[in-house]
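Since the structure comes first, as structure tokens, the remarks are kept for the end.
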Amino acid sequence: EGTLRPYVEQVAKLRDQVEAITDRIQISADVAERVVKRVVYEPKQGGLPARRMGLGQSSGLSKFFTRPSQPTIELS
């Protein structure tokens, strides 16, 4: 009778829309995962600008800023 065709076409359109939404969700999840990995797991790099201050003028300040960057061994 031709009454099933409009329903099949509507279901096909809805399926295409669901697939498009699913693809967007997957892309969003991938981007979010990359951002979280970059923020949480990648080591941060930086420096201590004041570390080189006072190398010639103040040995106390120089020792204070260079000590955290040097590993120490504690003997007990």
Side-chain angles (χ1 to χ4, degrees):
E1 298 172 6
T3 57
L4 188 58
R5 186 175 231 6
Y7 294 108
V8 171
E9 290 173 353
Q10 183 66 22
V11 168
K13 287 179 186 178
L14 291 173
R15 185 190 65 218
D16 291 342
Q17 290 175 353
V18 167
E19 287 177 0
I21 291 171
T22 303
D23 290 343
R24 288 181 189 151
I25 290 171
Q26 184 62 44
I27 291 169
S28 298
D30 292 343
V31 169
E33 184 178 349
R34 281 186 277 161
V35 168
V36 167
K37 282 183 180 179
R38 182 176 293 165
V39 169
V40 175
Y41 298 114
E42 288 184 6
K44 305 296 181 260
Q45 295 181 353
L48 192 57
R51 184 174 159 193
R52 299 223 180 253
M53 299 288 278
L55 287 176
Q57 296 116 9
S58 169
S59 63
L61 184 62
S62 174
K63 287 179 185 176
F64 175 76
F65 283 119
T66 56
R67 177 138 325 167
S69 65
Q70 298 172 351
T72 59
I73 299 174
E74 294 183 23
L75 302 174
S76 47

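The first residue of the sequence shown is numbered 1, and numbering continues consecutively from there. Values below: all heavy atoms of this structure, side chains included; hydrogens, waters and symmetry mates excluded.
Taking a 4.5 Å side-chain heavy-atom cut-off between Ile, Leu, Val, Met, Phe, Trp and Tyr, the cluster of Ile21 extends to Ile25.
Contacts classified as side chain to side chain donor-acceptor pair (under 3.5 Å) and involving residues 9-19 (residues at least two apart or in different chains) are not found.
Taking Gln26 as the reference, Asp30 meet the side chain to side chain donor-acceptor pair (under 3.5 Å) condition, with sequence neighbours excluded.
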